[in-house]
Amino acid sequence: MELTRLRGFQDLIGPSAETFTFIEDCARRCVERHCFREIRIPLVERIELYDRSTGETSDIVQKQMYKIERPPESDATGAMVLRPEGTPGVVRAYIEAGLDRREPEQRFFYSGPMLRYERPQKGRYRQFHQFGVEVFGRSDALCDAELLVMIEEFRRELGIRLTFQINSIGDALCRPGFREAVLNFGLKHRDELCEDCKQRLTRNPLRLLDCKIDAALVESAPRSIDYLCPGCRAHFDKVKDLLGAAGVEFVENPRLVRGLDYYTRTTFEVISADVGAQSTVIAGGRYDGLIEALGGAPVPGIGFAMGVERLALALETAGRAPKFEVDAAIISIGDAAARKAITVARAMRERGLRVEMLSPERRPKALLGRAAKIGARFAVIIGENEIQKGVVVLRDLRASSQAELPEAQVAETVLAARAG
RNA sequence: GUGAGUGUAGCUCAGCUGGCAGAGCACCGGAUUGUGGCUCCGGUGGUCGAGGGUUCAAAUCCCUUCACUCACCCCA
């Protein structure tokens, strides 16, 4: 086959698409209980948006963005890119709508595809999907804690095991000092560092802290919590206290630093053991300077994003992926039976049942095989005999028993069986 | 960008130091004229990823290339 899908892109067919939708629906119900409002924003933005938010030193901006060739007659100015993450676009829309000045306190959720050019592997694709939330105009620790509580509610509803890691990386006041300390530590131990870490030293020294190779050395590296200013420390302590009050289990990870420039104070990652090396399924944190950096008012913010593909993997390995239940398959034998079948099916569907009409061109034997294969609980069989008697045959495919019923009772009987 | 592994039927894979391309599952049909799952019998289905080389002979050995997978980097 020549016209295959592009590398790093995937087709979701049947069960995998349904698992996706299940996760999105679950997340939507959850955030709506927390009064988040939906926001839909473009897939394409100006390239500068990410330079100024995600960070020019980040891999995302340096090498992972899909740039769009713009038709010469286009009135757009400057380069355009397919969005590699959601937060900058949401912040841009928030500022552009004037909300930062009119009604700064807002909470939004979004859902959709993101695109990054990188080598695919388990749990990582070039087009992947994030469900994310952003809260603007709240700087209190209760807000931070409640986001994590919300994630815990979501986790519980999905029925999977996840672990929460949290940290504070300080703010504009204290982070520079911490960064400097890590840099000095790195320079001091330069000869012991792996090649990647030597690169990190110049690009983004904080990254050194989550290096896997130099893990032993990193044990003795400076810890962000020791450099927090009083304000940041009090904030972090409150977040932890509130999580305790809510009964959310978490581990404090002093080496947790996020890859994107805009994070301040609280950062967190939610990890699954079931999704391969890319084990972070949800991640986020506070970004108090971001809105101002993008030209808005000085409004604080915090948010997180979930990787839907990774959650789907976790759901599948946990055996929690949704099953597609078929209530009944309808088998008709002959033209008169087909006329009856169509009304029976319709009546059943009106009661909310999932009903698949089977082809009258195949033999009843093959159709019962088909009914079993699609996982139907019941088969409704209609032929000449049944029409004569004014009934239909309702066959329970699990119990292998059947009964003749008046057409009007079929839907009710199936509903009763489903409930019981 | 770096490293490793894998490409043979729709799917999962076997195929030894070169010698007629196979199994299981799935699908279709039959045993059973209107009754599935189990069993038995039969059938459809292949450019052995692609190109080149060595050889009387290549799925097998050599070279090139492409694709996929996993890992690193980075990230959801």
Side-chain angles (χ1 to χ4, degrees), chain A residues 1-2 4-10 23 27 54-55 57-64 83-87 111-132 151 162 194-200 203-204 207 210-213 257-260 268-272 275-285 303-314 329 331-334 337 358 360 362-387 393-402:
Chain A
M1 184 175 174
E2 259 171 69
T4 56
R5 66 182 191 276
L6 260 22
R7 156 172 267 185
F9 291 75
Q10 44 174 0
I23 292 167
T54 308
T57 59
S58 70
D59 275 36
I60 291 178
V61 168
Q62 288 214 328
K63 53 187 193 193
Q64 296 180 353
R83 63 184 185 194
E85 59 155 338
T87 301
S111 182
M114 307 292 162
L115 293 109
R116 293 181 198 170
Y117 182 83
E118 52 188 336
R119 283 283 280 272
Q121 69 184 73
K122 190 177 177 71
R124 180 163 66 209
Y125 308 94
R126 289 182 174 174
Q127 177 180 323
F128 61 103
H129 295 76
Q130 288 190 333
F131 187 104
I151 295 171
L162 297 173
C194 67
E195 284 308 309
D196 286 329
C197 280
K198 284 173 187 161
Q199 294 288 317
R200 290 185 180 109
R203 286 251 307 275
N204 192 346
R207 261 322 146 52
D210 56 5
C211 178
K212 287 157 192 156
I213 300 165
V257 291
R258 315 268 26 263
L260 311 180
F268 54 89
E269 285 191 16
V270 181
I271 312 288
S272 167
V275 299
Q278 306 304 313
S279 57
T280 301
V281 296
I282 303 173
F304 66 79
M306 320 191 301
V308 182
E309 283 80 0
R310 291 179 187 182
L311 284 167
L313 279 172
I331 296 170
S332 62
I333 305 149
L358 304 187
R362 298 177 65 193
R363 301 181 349 249
K365 173 187 159 78
L367 292 177
L368 273 168
R370 164 93 190 152
K373 193 191 157 184
I374 63 177
R377 174 72 204 279
F378 289 94
V380 176
I381 305 164
I382 306 168
E384 290 304 322
N385 299 342
E386 287 73 27
I387 289 176
V393 168
L394 181 65
R395 181 173 179 81
D396 183 329
L397 293 171
R398 261 185 244 165
S400 294
S401 61
Q402 63 186 46

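Scope of the values below: all heavy atoms of this structure, side chains included, with no hydrogens, waters or symmetry mates.
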Heavy atoms only, 4.0 Å cut-off, all strands: where does [X] land among base, sugar-phosphate and nothing?
X      : value
A:G369 : sugar-phosphate
A:G276 : sugar-phosphate
A:Y125 : base
A:R395 : base
A:E269 : nothing

Say you pick atom [atom1] in [N] and the same atom in [M]; how far apart are they, in whole Å?
N     : M     : atom1 : value
B:C62 : B:C27 : P     : 40 Å
B:G19 : B:A58 : C1'   : 10 Å
B:U17 : B:C25 : P     : 29 Å
B:U65 : B:G1  : P     : 14 Å
B:A50 : B:U8  : P     : 10 Å
B:G22 : B:C48 : P     : 14 Å
B:G24 : B:G43 : P     : 12 Å
B:C66 : B:C74 : P     : 27 Å

Rounded interatomic separation in angstrom, taking [atom1] from [X] and [atom2] from [N]:
X      : N     : atom1 : atom2 : value
A:I331 : B:G34 : CD1   : P     : 13 Å
A:L313 : B:C75 : CG    : P     : 20 Å
A:E384 : B:U33 : CD    : P     : 18 Å
A:K373 : B:G10 : NZ    : P     : 16 Å
A:R5   : B:U69 : CZ    : P     : 7 Å
A:M114 : B:A76 : CE    : P     : 11 Å
A:K122 : B:U69 : NZ    : C1'   : 10 Å
A:R363 : B:G29 : CZ    : P     : 6 Å

Assigned partner base of [N], Watson-Crick or wobble definition, under 3.5 Å:
N     : value
B:G34 : none
B:C28 : B:G42
B:U47 : none
B:C61 : B:G53
B:U6  : B:A67
B:C20 : none
B:C72 : B:G1

Practice item. Please tell me which of A:P120 and A:G123 maps to the more 5' nucleotide of RNA chain B, matching each residue to the nucleotide holding its nearest heavy atom. Key: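 On the 5' side of the pair lies A:P120.
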
Check your understanding: On RNA chain B, nearest-nucleotide positions of A:R310 versus A:L6: which is more 5'?
Key -> A:L6

Counting distance only, does the side-chain N/O of [X] pair as donor-acceptor with the main-chain N or O of [Y] below 3.5 Å?
X      : Y      : value
A:R126 : A:F9   : no
A:R398 : A:R377 : no
A:R395 : A:Q402 : no
A:E309 : A:H129 : yes
A:R83  : A:P113 : yes

Which nucleotide in the set [options] lies at the smallest distance from any side-chain heavy atom of [X]?
X      : options             : answer
A:K365 : B:C72, B:A31, B:A76 : B:A31
A:R362 : B:C28, B:G34, B:A76 : B:C28
A:I381 : B:U35, B:A71, B:A76 : B:U35
A:T280 : B:A76, B:G36, B:G34 : B:A76
A:A283 : B:A76, B:C74, B:U35 : B:A76

Examine the base of [N] for any acceptor or donor lying under 3.5 Å from a partner atom in the side chain of [X], and report the outcome as yes or no.
X      : N     : answer
A:R119 : B:G3  : yes
A:R7   : B:C66 : no
A:E386 : B:G34 : yes
A:Q402 : B:U35 : yes
A:Q278 : B:C74 : yes

Check your understanding: Taking all atoms of both residues into account, what is the closest heavy-atom pair of A:A329 and A:L358, and its distance?
Key -> CB-CD1, 3.9 Å

Review point. How far apart are the closest heavy atoms of A:A337 and A:I382, and which atoms are they?
Key: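 Scanning both residues completely, I find the closest heavy atoms to be CB-O, 3.3 Å.
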
Point to revise | pair A:T280-A:R310: side-chain heavy atoms closer than 4.5 Å | key: yes

